[in-house]
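Values below: all heavy atoms of this structure, side chains included; hydrogens, waters and symmetry mates excluded. Residue numbering restarts at 1 for every chain, and letters A, B, ... go by the order of the sequence lines.
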Amino acid sequence: MRFQAPTNPDVIAALNLALRLKRLEVSLYTQATGAAGFVAAGDLAAINVIRAHEVEHAAALNAAILARAGTVDPEPTFDFTAGGAIPGFAFTAGNYATFLGIAQGIEDLGGRALKGQLGRLMSDKGALSLAMAMLTVEAEHAARIRRLRGQKAWVTQGSRDTLPAFFEPVYAGEELALQGSVNVSTLPLAALNGGADAATEAFDEPLATADATVIVDAFVA
Amino acid sequence: MHIDSLRDARSRRSFLRALALGGAVVLVPGLATACKKDGDGPTGPGQGADIDIDFARGDVALLQFAYAFEQLNADYYLHIVPFLDDGAYTDDEQRLLTDVKYHHVMHREYLKAALGADADFELEFDYGPLDFSNRAAFLASGRNLELLGVGLYNGLAQYFTASANLMTAAKIASVKARHASALGVMIDPAAGAFAPRPYEDVHRPGTAEAALQAYVHEDIRINNSPATFAPGPNGNG
């Protein structure tokens, strides 16, 4: 039997949570682009780009887990009404605006959830670099979807903007102004530079494993 | 001339600069390009005082590197202020660029406060022929700076000792990626400019330093650069 260094189970768990999010996104965009005429023509190129990235990310995470002799979690089936919390949603005419809202919530969630896993990846520099390269693209996606919806590309305070109440936990905690021991909103130049709004926009907060898991699992059928 | 200007690294840099300028190296006036310091030497990137970032200092050095970069970012957006309402930008775009400017000031001021006595340098910048009144030029190099910042933070991530510092870097990198996306849409709304590749870059410290140095009057020197590097999926360091 070939010797294999044991992989920290925390690393595998972190990669599996990231994979769960990526599978959620792949399912969302695949169903959207698979329903003829569902995605607005002007948005289709962007949605296709995002979908292709998510497919790539899911494959890379799958491979990263296997390369570390980990076990890939079974693929769940997703329900984008989130068990009825987003009532009546389907990939059908009349639901496109709701779809974009779900996409925004899930992209913003994805970035926060990935950041929440970085601490568990500190022992595995390859996985950490992968996560950084991935979470920054996730932020690009989130910004694009937010702009498609006419929102700012960044998150102000802890606001979910016009998203359904279901998404409140995705944004809870984004209003943090305290970075380490520094309150950014009260720094000498803060008042002249957007104040507390800008101070919170300038930092994308992480989401703890348990909090991220609850939200993702709400989409599991 | 200071004796340390004869160091190998300095000479190599002068050599590379000469090559980058397209001239034959023999036309460079000896080591004059390395003879500088504080005021009376030639101006341009790398010609000012030395700024040493010593990776042996651990997280402090990483935050100093970030502080240097955020000084550049904040300075860059101050240059757009006089041109914002010249008609090249919609009201929405003006708000967007103003937000980006604010965010960079927040990043710089945060790092300055977090570093305390170690935030002991203030850089001057040189943008070459860049015309800040030109929308396309401003947005293109602004977007490049955002992506450079993303790659810098992504690459520094692996060297942090304190998880809180790693997290701060990730929080800032994430917002820079949002900036890059928004600027990409302003440059080309129809294409995939908002996210050009499935992964953002993960830069080696030296790669990020060279890119930063191109804008900075002072000579930024990375000392004790880590021997190991875990590349990202783009594999380009």
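Each of A:Ile50, A:Asp197, A:Val182, A:Val49 has some count of heavy-atom pairs under 4.5 Å with chain B, and the biggest count is that of A:Val182. Between chain B and the residues A:His141, A:Gln179, A:Arg146, A:Arg144, the largest count of heavy-atom pairs under 4.5 Å involves A:Arg144. Taking chain B as the reference chain and counting heavy-atom pairs below 4.5 Å, the highest number among A:Ala45, A:Gly126, A:Gly119, A:Ala46 is found for A:Ala46. Note on B:Ile172, B:Val185, B:Asp99: by heavy-atom pairs under 4.5 Å with chain A, the leading option is B:Asp99.
For A:Arg147, the part sitting under 4.5 Å from any heavy atom of chain B is the side chain, from C-beta outward, and nothing else. Looking at A:Ile47, neither its backbone nor its side chain comes within 4.5 Å of chain B, counting heavy atoms on both sides. For a residue to count as touching a neighbouring chain, one of its non-hydrogen atoms must lie under 4.5 Å from one of that chain's; by this rule B:His104 does not touch chain A. Contacts of B:Ala193 with chain A are absent, with no heavy-atom separation under 4.5 Å from either backbone or side chain. Contact annotation for A:Val184: both backbone and side-chain heavy atoms come within less than 4.5 Å of a heavy atom of chain B. At a 4.5 Å heavy-atom cutoff, the contact between A:Lys152 and chain B is made by side-chain atoms alone. Heavy-atom distances place both the backbone and the side chain of A:Leu130 under 4.5 Å from chain B. Contacts between A:Ala199 and chain B at a heavy-atom distance below 4.5 Å involve backbone atoms as well as side-chain atoms. If you measure heavy-atom distances from B:Ala191 to chain A, you find no contacts under 4.5 Å at all. For chain A, the nearby parts of B:Ala157 are the backbone and the side chain; heavy atoms of each come within less than 4.5 Å. Residue A:Leu118 touches chain B through both its backbone and its side chain, counting heavy-atom pairs closer than 4.5 Å. Of the atoms belonging to B:Arg108, it is side-chain heavy atoms, and not backbone ones, that fall under 4.5 Å from chain A. A:Leu192 touches chain B through its backbone: at least one of N, CA, C or O sits under 4.5 Å from a heavy atom, while the side chain does not.
Ion pairing between a basic and an acidic side chain is recognised when a charged N comes within 4.0 Å of a carboxylate O; A:Glu138 and A:Lys22 show such pairing. Between A:Asp217 and A:Arg20 a salt bridge is recorded (basic side-chain N to carboxylate O distance below 4.0 Å). A salt bridge does not link B:Glu200 to B:Lys176: none of the charged nitrogens lies less than 4.0 Å from a carboxylate oxygen. Ion pair B:Asp118/B:Arg57 flagged as a salt bridge, since at least one NZ, NE, NH1 or NH2 atom sits closer than 4.0 Å to an Asp/Glu carboxylate oxygen. Between A:Arg112 and A:Asp211 there is no salt bridge, since no side-chain nitrogen of the basic residue lies less than 4.0 Å from a carboxylate oxygen of the acidic one.
Residues A:Thr162 and A:Arg149 bring a donor and an acceptor atom of their side chains to less than 3.5 Å of each other. Between the side chains of A:Thr136 and B:Asn154, at least one donor-acceptor pair of N or O atoms lies under 3.5 Å.
The ring of B:Phe125 has its center no closer than 6.0 angstrom to the ring center of B:Tyr76. Taking the six-membered ring for Trp, B:Tyr199 and A:His53 have ring centres at least 6.0 Å apart. The ring of A:Phe203 has its center closer than 6.0 angstrom to the ring center of B:Tyr110.
In terms of heavy atoms, A:Ala212 sits closest to A:Ala113 at CB-CB, 3.7 Å.
Atom CG of B:Leu148 and atom CG of B:Leu72 lie 8.0 Å apart (nearest 0.5 Å). Separation of atoms CD (A:Glu201) and OG (A:Ser159) is listed at 10.0 Å; rounding is to 0.5 Å.
Listed by sequence position, B:Ala230, B:Pro231, B:Gly232, B:Pro233 are the residues of residues 230-237 of chain B in contact with chain A, using a 4.5 angstrom heavy-atom cutoff.
Looking at B:Leu111, B:Asp120, B:Asp54, B:Ile51 one by one, the single match for side-chain contact (heavy atoms from CB on, under 4.5 Å) with B:Gln64 turns out to be B:Asp120.
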